[in-house]
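Notes follow once the structure below has been shown.
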There are 2 protein chains.
Amino acid sequence: MTTSLADTPELTKNQSLVFDTLTGATRPLSAYSILDLLRDEGLRAPLQVYRALDKLQEAGLVHRLESLNAFIACRQSDCCAHPSVAFAICEICGQVREYSDDSLSKRIRAWAKAENFALSKTTIELRGVCQSCAEA
Amino acid sequence: MTTSLADTPELTKNQSLVFDTLTGATRPLSAYSILDLLRDEGLRAPLQVYRALDKLQEAGLVHRLESLNAFIACRQSDCCAHPSVAFAICEICGQVREYSDDSLSKRIRAWAKAENFALSKTTIELRGVCQSCAEA
DNA sequence: CGAAAGATGTAATAACATTACATTATCTTT
DNA sequence: AAAGATAATGTAATGTTATTACATCTTTCG
Ligand SMILES: [Zn+2]
Ligand SMILES: [Zn+2]
Ligand SMILES: [Zn+2]
Ligand SMILES: [Zn+2]
(Lines give C-alpha, C1' and ligand atoms only; values in the text may rest on other atoms or scores of the structure.)
(Ligands and ions follow the chains in the order given, each with its own letter.)
Protein backbone atom coordinates (compact mmCIF):
# COMPACT_ATOMS: atom_id res chain seq x y z
CA MET A 1 0.00 0.00 0.00
CA THR A 2 1.66 3.20 -1.17
CA THR A 3 -1.12 5.67 -1.33
CA SER A 4 0.25 8.69 0.41
CA LEU A 5 2.82 11.29 -0.43
CA ALA A 6 5.09 10.66 2.52
CA ASP A 7 5.09 7.01 3.39
CA THR A 8 7.90 7.15 5.87
CA PRO A 9 6.07 4.69 8.05
CA GLU A 10 3.74 2.45 6.05
CA LEU A 11 0.30 3.87 6.53
CA THR A 12 -2.87 1.85 6.80
CA LYS A 13 -5.94 2.59 4.72
CA ASN A 14 -7.62 4.87 7.25
CA GLN A 15 -4.38 6.60 8.10
CA SER A 16 -3.73 7.33 4.42
CA LEU A 17 -7.23 8.64 3.88
CA VAL A 18 -6.91 11.03 6.82
CA PHE A 19 -3.38 12.07 5.94
CA ASP A 20 -4.23 12.74 2.31
CA THR A 21 -7.25 14.77 3.34
CA LEU A 22 -5.09 16.93 5.57
CA THR A 23 -2.37 17.23 2.95
CA GLY A 24 -4.94 18.41 0.43
CA ALA A 25 -6.43 21.01 2.76
CA THR A 26 -5.26 24.61 2.89
CA ARG A 27 -6.52 25.12 6.42
CA PRO A 28 -6.70 23.12 9.62
CA LEU A 29 -9.52 20.59 9.75
CA SER A 30 -11.40 19.34 12.78
CA ALA A 31 -11.72 15.60 13.27
CA TYR A 32 -15.39 15.82 12.42
CA SER A 33 -14.72 17.78 9.22
CA ILE A 34 -12.31 15.08 8.17
CA LEU A 35 -14.95 12.49 8.94
CA ASP A 36 -17.47 14.31 6.76
CA LEU A 37 -14.98 14.51 3.90
CA LEU A 38 -14.35 10.79 4.15
CA ARG A 39 -17.91 9.46 4.40
CA ASP A 40 -17.81 8.51 0.74
CA GLU A 41 -14.63 6.57 1.35
CA GLY A 42 -16.44 4.46 3.91
CA LEU A 43 -15.62 6.15 7.20
CA ARG A 44 -18.56 6.21 9.57
CA ALA A 45 -17.45 7.02 13.12
CA PRO A 46 -15.32 9.68 14.84
CA LEU A 47 -13.12 7.07 16.39
CA GLN A 48 -11.87 5.96 13.01
CA VAL A 49 -10.57 9.46 12.43
CA TYR A 50 -9.20 9.96 15.94
CA ARG A 51 -7.32 6.68 15.78
CA ALA A 52 -5.70 7.62 12.49
CA LEU A 53 -4.86 11.08 13.79
CA ASP A 54 -3.17 9.58 16.85
CA LYS A 55 -0.90 7.43 14.73
CA LEU A 56 -0.13 10.24 12.34
CA GLN A 57 0.81 12.53 15.20
CA GLU A 58 3.07 9.86 16.68
CA ALA A 59 4.74 9.58 13.29
CA GLY A 60 5.21 13.36 13.18
CA LEU A 61 3.17 13.68 10.00
CA VAL A 62 0.35 15.64 11.54
CA HIS A 63 0.11 18.34 14.18
CA ARG A 64 -2.75 19.21 16.46
CA LEU A 65 -3.47 22.89 16.95
CA GLU A 66 -4.58 23.15 20.55
CA SER A 67 -6.13 26.57 20.31
CA LEU A 68 -8.27 25.45 17.38
CA ASN A 69 -9.09 21.83 18.21
CA ALA A 70 -7.98 21.07 14.68
CA PHE A 71 -5.28 19.30 12.75
CA ILE A 72 -2.86 20.04 9.91
CA ALA A 73 -0.40 18.01 7.90
CA CYS A 74 3.20 18.85 8.71
CA ARG A 75 4.70 21.09 6.03
CA GLN A 76 8.26 21.11 7.28
CA SER A 77 10.66 18.51 5.99
CA ASP A 78 12.91 18.76 9.01
CA CYS A 79 10.18 19.30 11.56
CA CYS A 80 11.19 16.36 13.71
CA ALA A 81 14.73 17.70 13.97
CA HIS A 82 13.49 20.73 15.84
CA PRO A 83 12.50 20.36 19.45
CA SER A 84 9.74 22.93 19.31
CA VAL A 85 7.70 24.15 16.42
CA ALA A 86 5.57 27.26 16.30
CA PHE A 87 2.37 27.90 14.40
CA ALA A 88 1.14 31.26 13.19
CA ILE A 89 -2.60 31.16 12.66
CA CYS A 90 -4.32 33.87 10.62
CA GLU A 91 -7.61 34.86 12.19
CA ILE A 92 -8.97 36.09 8.86
CA CYS A 93 -8.15 33.43 6.29
CA GLY A 94 -7.44 30.59 8.69
CA GLN A 95 -4.15 29.67 7.09
CA VAL A 96 -1.39 28.38 9.30
CA ARG A 97 2.34 28.91 8.92
CA GLU A 98 4.56 26.38 10.62
CA TYR A 99 8.05 27.42 11.57
CA SER A 100 10.95 26.43 13.76
CA ASP A 101 13.06 28.88 15.66
CA ASP A 102 16.01 27.29 17.35
CA SER A 103 16.74 30.23 19.58
CA LEU A 104 13.15 30.07 20.75
CA SER A 105 13.42 26.44 21.73
CA LYS A 106 16.84 27.10 23.25
CA ARG A 107 15.28 29.72 25.53
CA ILE A 108 12.56 27.33 26.55
CA ARG A 109 14.95 24.49 27.26
CA ALA A 110 17.12 26.87 29.27
CA TRP A 111 14.16 27.86 31.43
CA ALA A 112 13.19 24.22 31.90
CA LYS A 113 16.70 23.28 32.91
CA ALA A 114 16.99 26.16 35.35
CA GLU A 115 13.67 25.23 36.96
CA ASN A 116 14.25 21.49 36.86
CA PHE A 117 11.20 21.01 34.73
CA ALA A 118 11.51 17.83 32.64
CA LEU A 119 10.11 19.13 29.38
CA SER A 120 8.35 16.67 27.13
CA LYS A 121 6.39 18.84 24.70
CA THR A 122 5.95 22.47 23.86
CA THR A 123 2.98 24.17 22.27
CA ILE A 124 3.51 27.55 20.63
CA GLU A 125 0.60 29.06 18.76
CA LEU A 126 0.47 32.63 17.49
CA ARG A 127 -2.77 34.34 16.54
CA GLY A 128 -2.94 37.34 14.30
CA VAL A 129 -3.41 38.49 10.74
CA CYS A 130 -1.18 37.26 7.94
CA GLN A 131 0.50 39.56 5.46
CA SER A 132 -1.84 38.92 2.55
CA CYS A 133 -4.94 39.45 4.68
CA ALA A 134 -3.51 42.68 6.07
CA GLU A 135 -2.88 43.98 2.55
CA ALA A 136 -6.37 43.23 1.37
CA MET B 1 -19.65 44.64 46.15
CA THR B 2 -16.11 43.83 47.26
CA THR B 3 -16.05 40.11 47.57
CA SER B 4 -12.91 39.08 45.76
CA LEU B 5 -9.24 39.30 46.50
CA ALA B 6 -8.27 41.38 43.49
CA ASP B 7 -11.04 43.77 42.68
CA THR B 8 -9.17 45.77 40.10
CA PRO B 9 -12.30 45.95 38.04
CA GLU B 10 -15.43 45.64 40.13
CA LEU B 11 -16.57 42.08 39.75
CA THR B 12 -20.17 40.96 39.63
CA LYS B 13 -21.52 38.18 41.80
CA ASN B 14 -20.97 35.39 39.28
CA GLN B 15 -17.58 36.73 38.27
CA SER B 16 -16.47 36.83 41.90
CA LEU B 17 -17.71 33.31 42.53
CA VAL B 18 -15.81 31.98 39.55
CA PHE B 19 -12.69 34.01 40.27
CA ASP B 20 -12.60 32.99 43.91
CA THR B 21 -13.02 29.35 42.95
CA LEU B 22 -10.07 29.57 40.60
CA THR B 23 -7.99 31.49 43.10
CA GLY B 24 -8.63 28.81 45.69
CA ALA B 25 -7.71 25.95 43.38
CA THR B 26 -4.21 24.52 43.13
CA ARG B 27 -4.78 23.17 39.64
CA PRO B 28 -6.55 24.27 36.49
CA LEU B 29 -10.31 23.75 36.50
CA SER B 30 -12.59 23.09 33.57
CA ALA B 31 -15.67 25.25 33.17
CA TYR B 32 -17.85 22.30 34.14
CA SER B 33 -15.80 21.62 37.28
CA ILE B 34 -16.26 25.22 38.29
CA LEU B 35 -19.97 24.87 37.67
CA ASP B 36 -20.11 21.79 39.90
CA LEU B 37 -18.25 23.60 42.66
CA LEU B 38 -20.68 26.49 42.47
CA ARG B 39 -24.00 24.62 42.35
CA ASP B 40 -24.51 25.36 46.04
CA GLU B 41 -23.97 29.04 45.37
CA GLY B 42 -26.83 28.98 42.90
CA LEU B 43 -25.15 28.49 39.56
CA ARG B 44 -27.10 26.17 37.28
CA ALA B 45 -25.92 26.43 33.68
CA PRO B 46 -22.59 26.29 31.84
CA LEU B 47 -23.20 29.65 30.25
CA GLN B 48 -23.12 31.37 33.61
CA VAL B 49 -19.58 30.11 34.08
CA TYR B 50 -18.45 30.78 30.53
CA ARG B 51 -19.72 34.34 30.68
CA ALA B 52 -17.85 35.01 33.90
CA LEU B 53 -14.71 33.41 32.50
CA ASP B 54 -14.89 35.62 29.41
CA LYS B 55 -14.99 38.77 31.49
CA LEU B 56 -12.24 37.58 33.80
CA GLN B 57 -10.02 36.77 30.84
CA GLU B 58 -10.66 40.21 29.36
CA ALA B 59 -9.64 41.71 32.68
CA GLY B 60 -6.47 39.62 32.68
CA LEU B 61 -7.39 37.90 35.93
CA VAL B 62 -7.78 34.46 34.44
CA HIS B 63 -5.98 32.47 31.76
CA ARG B 64 -7.28 29.71 29.58
CA LEU B 65 -4.96 26.75 29.03
CA GLU B 66 -5.64 25.67 25.48
CA SER B 67 -4.04 22.29 25.72
CA LEU B 68 -6.15 21.43 28.76
CA ASN B 69 -9.47 23.12 28.04
CA ALA B 70 -9.17 24.54 31.51
CA PHE B 71 -8.69 27.78 33.37
CA ILE B 72 -6.44 29.19 36.10
CA ALA B 73 -6.31 32.42 38.05
CA CYS B 74 -3.38 34.60 37.10
CA ARG B 75 -0.58 34.32 39.66
CA GLN B 76 1.68 37.01 38.26
CA SER B 77 1.33 40.52 39.51
CA ASP B 78 2.84 42.02 36.39
CA CYS B 79 1.36 39.58 33.94
CA CYS B 80 -0.32 42.21 31.81
CA ALA B 81 2.99 44.02 31.36
CA HIS B 82 4.41 41.09 29.49
CA PRO B 83 3.35 40.51 25.93
CA SER B 84 3.51 36.75 26.13
CA VAL B 85 3.24 34.47 29.07
CA ALA B 86 4.25 30.83 29.24
CA PHE B 87 2.74 28.01 31.25
CA ALA B 88 4.57 24.93 32.45
CA ILE B 89 2.09 22.16 33.13
CA CYS B 90 3.13 19.14 35.18
CA GLU B 91 1.69 15.96 33.74
CA ILE B 92 1.89 14.18 37.10
CA CYS B 93 0.50 16.58 39.68
CA GLY B 94 -1.32 18.90 37.31
CA GLN B 95 0.18 22.03 38.79
CA VAL B 96 0.88 24.94 36.49
CA ARG B 97 3.72 27.45 36.71
CA GLU B 98 3.16 30.75 34.97
CA TYR B 99 6.17 32.71 33.86
CA SER B 100 7.23 35.49 31.55
CA ASP B 101 10.37 35.47 29.52
CA ASP B 102 11.00 38.73 27.74
CA SER B 103 13.62 37.34 25.43
CA LEU B 104 11.13 34.69 24.39
CA SER B 105 8.50 37.24 23.49
CA LYS B 106 11.13 39.38 21.83
CA ARG B 107 12.02 36.46 19.55
CA ILE B 108 8.38 35.91 18.70
CA ARG B 109 7.74 39.56 17.95
CA ALA B 110 10.87 39.63 15.80
CA TRP B 111 9.62 36.69 13.75
CA ALA B 112 6.20 38.29 13.40
CA LYS B 113 7.71 41.55 12.26
CA ALA B 114 9.97 39.86 9.73
CA GLU B 115 7.05 37.92 8.29
CA ASN B 116 4.59 40.80 8.45
CA PHE B 117 2.34 38.82 10.71
CA ALA B 118 0.21 41.14 12.85
CA LEU B 119 0.43 39.31 16.14
CA SER B 120 -2.49 39.61 18.50
CA LYS B 121 -2.02 36.76 20.97
CA THR B 122 0.52 34.08 21.76
CA THR B 123 -0.04 30.75 23.43
CA ILE B 124 2.95 29.00 24.99
CA GLU B 125 2.29 25.83 26.94
CA LEU B 126 4.98 23.46 28.16
CA ARG B 127 4.24 19.91 29.20
CA GLY B 128 6.50 17.86 31.39
CA VAL B 129 7.24 16.84 34.95
CA CYS B 130 7.84 19.39 37.66
CA GLN B 131 10.79 19.24 40.04
CA SER B 132 8.92 17.92 43.05
CA CYS B 133 7.23 15.17 41.04
CA ALA B 134 10.57 14.15 39.52
CA GLU B 135 12.10 13.85 42.98
CA ALA B 136 9.30 11.69 44.33
C1' DC C 1 -1.42 -23.96 13.04
C1' DG C 2 -2.19 -20.94 17.12
C1' DA C 3 -1.10 -17.12 20.06
C1' DA C 4 -0.23 -12.26 20.17
C1' DA C 5 -0.45 -7.71 18.49
C1' DG C 6 -2.50 -4.40 15.70
C1' DA C 7 -6.16 -2.43 13.03
C1' DT C 8 -11.09 -1.91 12.24
C1' DG C 9 -16.26 -1.27 12.85
C1' DT C 10 -20.07 0.30 15.59
C1' DA C 11 -22.72 2.20 19.29
C1' DA C 12 -23.11 4.77 23.19
C1' DT C 13 -21.68 8.29 26.13
C1' DA C 14 -18.83 11.90 28.11
C1' DA C 15 -16.83 16.46 28.00
C1' DC C 16 -16.62 21.06 26.28
C1' DA C 17 -18.94 25.21 24.33
C1' DT C 18 -22.48 28.20 22.02
C1' DT C 19 -27.08 30.00 20.37
C1' DA C 20 -31.45 31.86 21.35
C1' DC C 21 -34.60 34.09 24.04
C1' DA C 22 -36.73 36.06 28.12
C1' DT C 23 -35.89 38.67 32.32
C1' DT C 24 -33.74 41.65 35.73
C1' DA C 25 -30.37 44.96 37.47
C1' DT C 26 -27.73 49.19 36.85
C1' DC C 27 -26.67 53.43 34.96
C1' DT C 28 -27.86 57.84 32.40
C1' DT C 29 -30.51 61.49 31.06
C1' DT C 30 -34.38 64.18 31.50
C1' DA D 1 -38.96 59.97 39.75
C1' DA D 2 -39.71 58.31 34.84
C1' DA D 3 -37.89 56.67 30.62
C1' DG D 4 -34.53 54.70 27.91
C1' DA D 5 -30.10 52.49 27.31
C1' DT D 6 -26.65 49.13 28.67
C1' DA D 7 -24.95 45.28 31.04
C1' DA D 8 -25.73 41.09 33.62
C1' DT D 9 -28.52 37.04 34.52
C1' DG D 10 -31.45 32.74 34.09
C1' DT D 11 -32.83 28.82 31.44
C1' DA D 12 -33.31 25.57 27.80
C1' DA D 13 -31.81 23.62 23.87
C1' DT D 14 -28.38 22.46 20.82
C1' DG D 15 -23.85 22.05 18.72
C1' DT D 16 -19.07 20.43 18.77
C1' DT D 17 -15.20 17.66 20.27
C1' DA D 18 -13.42 13.35 22.30
C1' DT D 19 -13.53 8.83 24.68
C1' DT D 20 -15.12 4.22 26.47
C1' DA D 21 -16.63 -0.34 25.61
C1' DC D 22 -16.97 -4.27 23.04
C1' DA D 23 -16.90 -7.27 19.00
C1' DT D 24 -14.45 -8.60 14.79
C1' DC D 25 -10.88 -9.15 11.52
C1' DT D 26 -5.89 -9.13 9.91
C1' DT D 27 -1.11 -9.66 10.21
C1' DT D 28 2.99 -11.40 12.29
C1' DC D 29 5.73 -14.81 13.90
C1' DG D 30 7.15 -18.94 16.67
ZN1 LIG E 1 5.82 19.87 11.41
ZN1 LIG F 1 -4.76 35.51 6.37
ZN1 LIG G 1 -1.00 35.88 34.27
ZN1 LIG H 1 4.30 17.80 39.42
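Quick note on labels: first sequence line is chain A, next is B, and so on, each numbered from 1. If you're wondering where the values come from, they're calculated on a predicted model, not measured in any experiment.
Whole-Å rounding puts the Asp36(B) CG to dA14(C) P distance at 14 Å. When rounded to the nearest whole Å, the span between OH of Tyr50(A) and P of dT17(D) equals 7 Å. When the C1' atom of dA7(D) is taken as reference, atom CD of Gln15(B) falls 10 Å away, rounded to whole Å. Look at CD on Glu41(B): it is 17 Å from C1' on dG10(D), rounded to the nearest Å. Atom-to-atom, CG of Leu43(B) to P of dA8(D) comes out at 16 Å; the value is rounded to the nearest Å. We find that CG of Asp54(A) is positioned 11 Å from P of dT20(D), with the value rounded to whole Å. One can place CG of Leu35(B) at 13 Å from P of dA17(C), the figure rounded to the nearest angstrom. Leu56(A) places its CG atom 11 Å from the P atom of dA7(C), with the value rounded to the nearest Å.
Positionally, the nearest nucleotide of DNA chain D for Gly42(B) lies more toward the 5' end than for the other of Tyr32(A) and Gly42(B). Heavy-atom nearest nucleotides on DNA chain D were determined for Lys55(B) and for Ser33(A), and the one closer to the 5' end corresponds to Lys55(B). Map Leu47(B) and Leu68(B) each onto its nearest nucleotide of DNA chain C; the residue landing nearer the 5' end is Leu68(B).
Closest to the side chain of Thr12(A), out of dT18(C), dA17(C), dT8(C), is dT8(C).
At the phosphate of dT9(D), neither OP1 nor OP2 sits under 4.0 Å from any side-chain N or O atom of Gln48(B). An OP1 or OP2 oxygen of dT16(D) is reached within less than 4.0 angstrom by no side-chain nitrogen or oxygen of Asn69(A). Phosphate proximity of dG9(C) to Asn14(A): present, with a side-chain N or O under 4.0 Å from OP1 or OP2. Taking only side-chain nitrogens and oxygens, Arg64(A) never comes nearer than 4.0 Å to OP1 or OP2 of dT17(D).
Counting atom types as modelled, Arg51(B) pairs a side-chain N or O with a base atom of dG10(D) as donor and acceptor under 3.5 Å.
The closest side-chain donor-acceptor pair between Ser100(A) and Gln76(A) falls under 3.5 angstrom. In this structure, a donor-acceptor pair under 3.5 Å is absent between the side chains of Glu66(A) and Thr123(A).
Here the shortest heavy-atom pairing between Cys79(A) and Glu98(A) reads SG-OE2, 3.3 Å.
Aromatic rings from His63(A) and Phe71(A) are positioned such that their centres are separated by 6.0 Å or more.
Atom CG of Asp78(B) is separated from atom NE2 of His82(B) by 3.5 Å, given to the nearest 0.5 angstrom.
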